[in-house]
Amino acid sequence: MGVKPQHKIPTINLSKRNLISGTSSWLSTCDEIRQALEEYGCFLAIYDKVSPQLYESIFGEAKELFDLPTDIKMKNISDKPYFGYIGKHALIPPLHESLGIANSTTLEAAQSFTNLMWPSSRNDHFCETVLSYARRVSELEKMGVAEKYYDSHLGSTTFLLRLFKYRIPEINESDIGCSVHTDKSFLTILHQNEVNGLEIETKDGDWIGFEPLPSSFLVMAGDAFLAWSNGRIYSAPHRVVMSGTKPRYSLGLFSYHDGTIEIPHELIDEQHPLQFRSFDHYGLLNYFSTAPNAESTAKAYCGFSYLNPQRLLYLSGILTNNFLAPTMVANFLKTQITINRVKIFVNANPNILNVFPNTRIIIEIVGLKDPRSSRSYLYHTLVLGGACPMPLIIDEDEPLE
Ligand SMILES: O=C(O)CCC(=O)C(=O)O
Ligand SMILES: [Fe+2]
């Protein structure tokens, strides 16, 4: 599938317009943004708050950072998946290397990352540059998109700044710098040096690229935005394909929301019935790290779809003798039908519960002599035994029919 010219990523000028909330030009900009995100899942923002000097500095600093020894870069670790150093790993395209600064708009985070990378010498210039860059780009996120879009209030946001380097492929080496994926963020803002390579998949399966400019930022919706918008926003699959003779450096500011994300009531109507339950953003990210091949992470993690009676008959063994593996049954219950409680026999494989954390599905353990002990059974066998990383909601007072 080649890159076709007929589709074009929309460009929206956010530097010159009158962006004062409530004015007619502001309202028409909001509308352009909404249309672009619904149709393409992204747009190119022309934004002038990152000066040419800051552009030169941040890409100069990125080069110095990637020139550090690998064992130093590998110190960039995190308790969150995909927040730390990625590279030099059998499952990662060999051209790719990246590092992450969580909470990058705070001085503490910029300082501690700088001290980790340059432990024996101060590098104030790096620290000041990334902090100024992250703060300015986060203004673009707040100003243009998340807060004003659909005029709904969102919880508190933190910004992960990732720095990427893609080296030139060697002869007979794959040119893939980053495999096809959708982002798990709410929004991602990508910026890069003059070497292009980022390609976006349209809804009808065409791949499109664009010419990068120092003042253009690709604003892209992630899976959390897709779910929050009740499926109205497109979360575009994208990839990086390398060509040419120069390495590619890019920067991505990924926004994440703390706390539960609720689907706004105004986005639910007859034409748009509720498709997603409220969800925990980091739960979605953790889920992706355990199920990276789901066709849609958002749908698998927090989507509703309605019961298909034929599948239920298969599942229950009425139409077949081929019973599904317990984890497949559990996954089916969680992702394919709308339920709020399940019964599990006490001697069931505890791994079956691995798919339930972070849902509001009530689990009743049956087959216990004393039902009162189910809470401690769960706690000791599953939580302490490591099968279940998150607390479960157990409702012992209300017996199942
Ligand atoms: O390097 C880029 O431009 C894109 C990177 C990317 O898509 C990602 O890390 O999610
Ligand atoms: Fe991405």
Side-chain angles (χ1 to χ4, degrees), residues 9 11-16 19 42-69 72-73 76 85-87 95-107 109-118 121-144 159-168 177-178 187-198 209-220 240 242-255:
I9 296 171
T11 299
I12 303 179
N13 190 336
L14 296 179
S15 53
K16 296 211 173 59
L19 293 172
C42 62
F43 63 93
L44 274 170
I46 306 295
Y47 179 66
D48 59 8
K49 295 244 169 78
V50 173
S51 65
Q53 294 76 5
L54 184 53
Y55 173 88
E56 289 301 326
S57 295
I58 190 81
F59 282 100
E61 293 297 344
K63 184 175 180 318
E64 270 189 38
L65 176 68
F66 285 105
D67 287 345
L68 289 172
I72 295 273
K73 291 182 277 189
N76 175 219
Y85 177 78
I86 297 180
L95 311 186
H96 178 113
E97 217 186 332
S98 60
L99 293 119
I101 310 175
N103 288 320
S104 55
T105 50
T106 66
L107 177 63
Q111 271 172 342
S112 78
F113 180 84
T114 309
N115 295 340
L116 191 65
M117 294 295 110
W118 287 275
S121 61
R122 287 179 68 108
N123 191 344
D124 292 343
H125 191 251
F126 180 91
C127 182
E128 284 156 19
T129 306
V130 290
L131 185 61
S132 163
Y133 180 86
R135 286 183 174 169
R136 281 158 189 270
V137 180
S138 73
E139 289 299 306
L140 171 58
E141 205 264 6
K142 283 188 204 145
M143 175 187 86
F159 297 95
L160 165 73
L161 179 66
R162 290 197 69 79
L163 301 98
F164 302 91
K165 178 184 177 181
Y166 304 89
R167 66 168 172 77
I168 309 153
C178 190
L187 269 175
T188 304
I189 303 186
L190 293 165
H191 196 196
Q192 58 172 91
N193 71 350
E194 69 283 9
V195 181
N196 54 17
L198 181 61
F210 61 95
E211 284 304 319
L213 290 174
S215 60
S216 66
F217 294 75
L218 188 82
V219 179
M220 185 186 290
V240 173
M242 287 294 291
S243 59
T245 54
K246 283 171 110 185
R248 177 171 186 272
Y249 289 90
S250 62
L251 300 158
L253 195 78
F254 298 80
S255 63

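- Side-chain contact between Tyr47 and Ile12 is absent, with no heavy-atom pair separated by less than 4.5 Å.
- Relative orientation of the Phe164 and Tyr166 rings is parallel, given thresholds of 30° and 60° on the angle between their planes.
- Of all heavy-atom pairs between Ala102 and Ala109, the closest is O-CB, 3.2 Å.
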>> Apply side-chain contact (heavy atoms from CB on, under 4.5 Å) to residues Asn196 and Phe210 and explain how you reach the verdict.
In response: CA-CA 7 Å; Asn196 54 17; Phe210 61 95; over 6 Å; no
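- Remark: Lys73 engages Glu97 in a salt bridge (Lys or Arg N to Asp or Glu O under 4.0 Å) (not counting sequence neighbours).
- In this structure, OG in Ser255 is found 10.0 Å from CG in Leu160, a value given to the nearest 0.5 Å.
- Considering OG1 of Thr188 and CG of Leu253, their distance stands at 8.5 Å, rounded to 0.5 Å.
- Taking the side chain as every heavy atom from C-beta outward, Ile101 and Leu163 approach each other to under 4.5 Å.
- Across all non-hydrogen atoms, the minimal contact from Ile168 to Gly244 is CG2-O, 3.5 Å.
- If you take OG1 on Thr114 and CZ on Arg122, they are separated by 10.0 Å, rounding to the nearest 0.5 Å.
- Between Leu68 and Ile72, the shortest heavy-atom distance links the atoms CD1-CG2, 4.2 Å.
- Rounding to the nearest 0.5 Å gives a distance of 10.5 Å between CG of Leu251 and OG of Ser104.
- Checking side-chain atoms of Ser215 against main-chain N and O of Ile46 turns up no donor-acceptor pair under 3.5 Å.
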> Is there a side-chain contact (heavy atoms from CB on, under 4.5 Å) between Val50 and Val137 once you walk through the steps?
Replying inline: CA-CA 8 Å; Val50 173; Val137 180; 4.0 Å; yes
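- Counting only heavy atoms from C-beta outward, the side chains of Thr11 and Ser216 never approach each other to under 4.5 Å.
- When all heavy atoms of Arg167 and Pro247 are compared, the pair lying nearest together is CA-CB, 4.4 Å.
- The ring-ring contact (aromatic ring centres under 6.0 Å, His included) check on Phe254 picks up nothing, with sequence neighbours excluded.
- Side-chain contact between Arg248 and Leu198 is present, with at least one heavy-atom pair separated by less than 4.5 Å.
- In this structure, Leu44 and Ile9 approach most closely via the heavy-atom pair N-CG2, 3.9 Å.
- Leu218 has its side chain out of reach of Phe43: every pair of non-hydrogen atoms, C-beta onward, lies at least 4.5 Å apart.
- Applying the side-chain contact (heavy atoms from CB on, under 4.5 Å) test to Asn76 and every residue at least two apart in sequence or in another chain returns Tyr85, Leu99, Phe113, Met117.
- Asn103 contributes no side-chain N or O that, together with a main-chain N or O of Thr106, makes up a donor-acceptor pair within less than 3.5 Å.
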>> I'd like to know whether Asn13 forms a side chain to side chain donor-acceptor pair (under 3.5 Å) with Ser15, so could you lay out the CA-CA distance, the side-chain angles of the two residues, the decisive distance to 0.1 Å, and finally the verdict.
In response: CA-CA 6 Å; Asn13 190 336; Ser15 53; 2.8 Å; yes
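- In this structure, Tyr249 and Gln192 have side chains that are not in contact, with every pair of non-hydrogen atoms separated by 4.5 Å or more.
- Every residue meeting the side-chain hydrogen bond (donor to acceptor under 3.5 Å, both in side chains) condition with Ser51, not counting sequence neighbours, appears here in chain and number order: Gln53.
- Pairs of residues two or more places apart, or lying in two chains, that qualify as salt bridge (Lys or Arg N to Asp or Glu O under 4.0 Å) and include a residue from residues 56-68 are Lys63-Asp67.
- Side-chain contact check for Ile86 versus His96: some heavy-atom pair is nearer than 4.5 Å.
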Side-chain donor-acceptor pairs under 3.5 Å in residues 128-136, sequence neighbours left out?
unit_1: Thr129; atom_1: OG1; unit_2: His125; atom_2: O; d: 2.6
unit_1: Tyr133; atom_1: OH; unit_2: His191; atom_2: ND1; d: 2.8
unit_1: Arg135; atom_1: NE; unit_2: Thr105; atom_2: O; d: 2.9
unit_1: Arg135; atom_1: NH2; unit_2: Thr105; atom_2: O; d: 3.3
unit_1: Arg136; atom_1: NH1; unit_2: Lys49; atom_2: O; d: 2.8

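- Residues Phe217 and Leu140 have side chains in contact (heavy-atom distance under 4.5 Å, counting atoms from C-beta outward).
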